[in-house]
Amino acid sequence: MKLDHTDGGQTTFLVRFRGVRGSHPVTRPGALYFGGHTSCIEVQTGDLRIVFDLGSGCIPLGEELAEEETDPIRLLVLVTHLHHDHTMGFPFFAPAYASDTSLTLTGPGLGGRSFQGLLEMAHGTPFFPVPPEKMPAHKTYLTLGHQEVLSWASPDEPVRRRQPDEEIPDEELVIRTFRNLDHPDGGVLNYRLERAGRSLVLATDVEGGTGEKGDTTLVEFAKDTDLLIHDAQYTDEEYASRTGWGHSTWRMAIEAAKAAQARRLVLYSHDPSHDDVEVEDIERRTRELFSASIAASEGLEIRL
């Protein structure tokens, strides 16, 4: 199952969805098509590999990397926030246990604590027998905030912080952040990746499109992106009793995509109570209003 609207040119980004559920994993038979793992997206651009979030979907990804990679693994991990469904896979991420792996782990701080401190607290003693600081992989941590800019030139070079107005070579990967406060416990980091004239935006665990709850600054952040991956956890009926929970409806995702003039839309963070039939119905209704859209499923690949 693919959504591939490239213009025939060279692929800049290959996006693979590894975990697409919000809140908690799902294992029942009726949820097999779209998948039951929580948040994890793998992105490849040239010889660079990026991972969005460390939900349970990162566990099979890590197993594949450990089995297939012959060269030392170099990964940039972009964590949106520290709720369990976005980090629960980290203690079981196989590359973290290889001494020749290099992980650059980035994410938000909160309450005066660094991202490293929060992640180590969440997965340290007594919550897991192998705390992050004892995992053999070489780890570099970066605490990110609102409107930060990073660049990455090659796997053998470190990720660099940049000034917002700094000129960056077109061949380098650029990572931009937007701290969206429409989610409990300090909000989330939305990310935008840019390289060689292509872009993609991850806006998971956000509430509102451009309506009453909408955030027009997110729309500006996602302006003209080739691919917008947007939270679409609820139906309109469900949202009526879940306002303030930090998730969007599929209509809100459409509103954001249209306002940002995004070329493609992926519905993400499916509600764990929704079975395959319900997600498929949401996808169908979304396509009636925004044809270049698809519901994320495990194994979905998109080329930009």
Side-chain angles (χ1 to χ4, degrees), residues 1-18 20 39-53 61 74-80 104 106 144 147-157 159-178 180 189-204 206 217-232 253-254 256-268 286 290-297 299-304:
M1 180 176 175
K2 293 186 178 181
L3 175 68
D4 189 354
H5 292 176
T6 53
D7 55 10
Q10 184 176 359
T11 298
T12 300
F13 292 108
L14 172 60
V15 185
R16 292 190 183 99
F17 289 83
R18 299 289 188 161
V20 302
S39 184
C40 183
I41 302 171
E42 174 193 8
V43 179
Q44 286 183 270
T45 173
D47 54 359
L48 305 179
R49 182 172 266 147
I50 303 95
V51 177
F52 286 119
D53 278 335
L61 167 60
R74 305 285 185 266
L75 295 176
L76 169 59
V77 180
L78 304 173
V79 175
T80 59
T104 300
T106 78
L144 301 180
Q147 293 184 333
E148 296 215 43
V149 181
L150 307 175
S151 73
W152 196 18
S154 79
D156 297 324
E157 296 183 32
V159 175
R160 298 175 56 193
R161 289 186 185 268
R162 299 283 197 163
Q163 295 300 316
D165 57 352
E166 187 175 349
E167 188 172 336
I168 302 172
D170 191 52
E171 65 271 14
E172 292 191 24
L173 172 68
V174 177
I175 305 100
R176 302 184 189 277
T177 70
F178 169 74
N180 195 311
L189 286 179
N190 301 152
Y191 290 99
R192 180 178 179 123
L193 303 185
E194 301 171 348
R195 194 179 197 187
R198 298 280 190 181
S199 69
L200 65 96
V201 172
L202 174 62
T204 189
V206 298
T217 52
L218 171 60
V219 169
E220 289 303 313
F221 182 71
K223 197 70 174 174
D224 296 323
T225 188
D226 294 291
L227 180 67
L228 174 60
I229 304 166
H230 197 288
D231 191 291
I254 294 172
K258 286 184 173 180
Q261 297 181 308
R263 293 169 181 81
R264 276 152 281 182
L265 170 66
V266 174
L267 306 176
Y268 193 62
T286 300
F290 193 89
S291 60
S293 61
I294 193 169
S297 60
L300 171 67
E301 293 187 358
I302 299 175
R303 297 175 184 268
L304 304 174

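These numbers come from the heavy atoms of this one structure, side chains and all, not from hydrogens, waters or symmetry mates. All figures in this text were calculated on a predicted structure; none of them were measured in a lab.
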Would you mind telling me which of Leu228, Asp226, Leu304, Ile302 makes a side chain to side chain contact (heavy atoms under 4.5 Å, CB included) with Leu200? Leu304

Are side-chain heavy atoms of Phe290 and Leu267 found at a separation under 4.5 Å? no

Suppose we screen for side-chain hydrogen bond (donor to acceptor under 3.5 Å, both in side chains). Which residues come up paired with Glu148, at least two apart in sequence or across chains? Arg161

When you measure from the side chain of Lys223 to the backbone N and O of Leu218, does any donor-acceptor pair fall under 3.5 Å? no

Does Asp170 have any side-chain contact (heavy atoms from CB on, under 4.5 Å) partners at least two apart in sequence or in another chain, and if so, which? Ala196

Residues passing the side-chain hydrogen bond (donor to acceptor under 3.5 Å, both in side chains) test with Arg195, sequence neighbours excluded, are Thr45

What residues, two or more places apart in sequence or in another chain, satisfy salt bridge (Lys or Arg N to Asp or Glu O under 4.0 Å) together with Arg176? Glu194

Of all the heavy-atom pairs spanning Ser297 and Phe17, show the shortest one and how long it is. O-CB, 3.4 Å

Checking Glu157 now: which residues fulfil salt bridge (Lys or Arg N to Asp or Glu O under 4.0 Å) with it, not counting sequence neighbours? none

Go through the structure and list residues passing side-chain hydrogen bond (donor to acceptor under 3.5 Å, both in side chains) with Tyr268, not counting sequence neighbours. Ser39

Checking side chain to side chain contact (heavy atoms under 4.5 Å, CB included) for the pair Val15/Val266: CA distance, chi angles, key distance, verdict? CA-CA 11 Å; Val15 185; Val266 174; over 6 Å; no

With a 4.5 Å limit on heavy-atom distance, are the side chains of Ile41 and Tyr191 in contact? no

Which residues pass the side-chain hydrogen bond (donor to acceptor under 3.5 Å, both in side chains) test with Thr225, not counting sequence neighbours? Ser199

Over all atoms of both residues, closest heavy-atom pair of Asn180 and Val206: ND2-CG1, 3.4 Å

Do the non-hydrogen side-chain atoms of Thr204 and Ile229 ever get within less than 4.5 Å of each other? no

Where do Arg192 and Phe178 land on the side chain to side chain contact (heavy atoms under 4.5 Å, CB included) test, with the steps shown first? CA-CA 8 Å; Arg192 180 178 179 123; Phe178 169 74; over 6 Å; no

On a heavy-atom basis, which atom in Ser293 and which in Thr286 lie closest, and how many Å separate them? OG-CG2, 3.4 Å

What heavy-atom pair brings Pro155 and Asp47 nearest, and what distance separates the two atoms? CG-O, 3.1 Å

The salt bridge (Lys or Arg N to Asp or Glu O under 4.0 Å) partners of Glu42 (sequence neighbours excluded) come to Arg16, Arg18, Arg49

Taking the side chain as every heavy atom from C-beta outward, state whether Leu265 and Ile254 have any pair of such atoms under 4.5 Å apart. yes

Contacts of Glu167 that satisfy side-chain contact (heavy atoms from CB on, under 4.5 Å) - sequence neighbours left out: none

Do you know which two heavy atoms are closest between Trp152 and Arg74, and how far apart they sit? CH2-O, 4.1 Å

Any Thr106 side-chain heavy atom under 4.5 Å of Ile175 side chain: no

Under the rule for salt bridge (Lys or Arg N to Asp or Glu O under 4.0 Å), what residues qualify as partners of Arg160, not counting sequence neighbours? none

Evaluate side chain to side chain contact (heavy atoms under 4.5 Å, CB included) for Arg162 paired with Ile168, printing each intermediate quantity in order. CA-CA 8 Å; Arg162 299 283 197 163; Ile168 302 172; 3.8 Å; yes

Verify, without hydrogens or angle tests, whether Asp53 (side chain) and Thr80 (backbone) share a donor-acceptor contact under 3.5 angstrom. yes

Give me the atom names and distance for the closest heavy-atom approach of Val51 to Cys40. CG1-SG, 3.8 Å

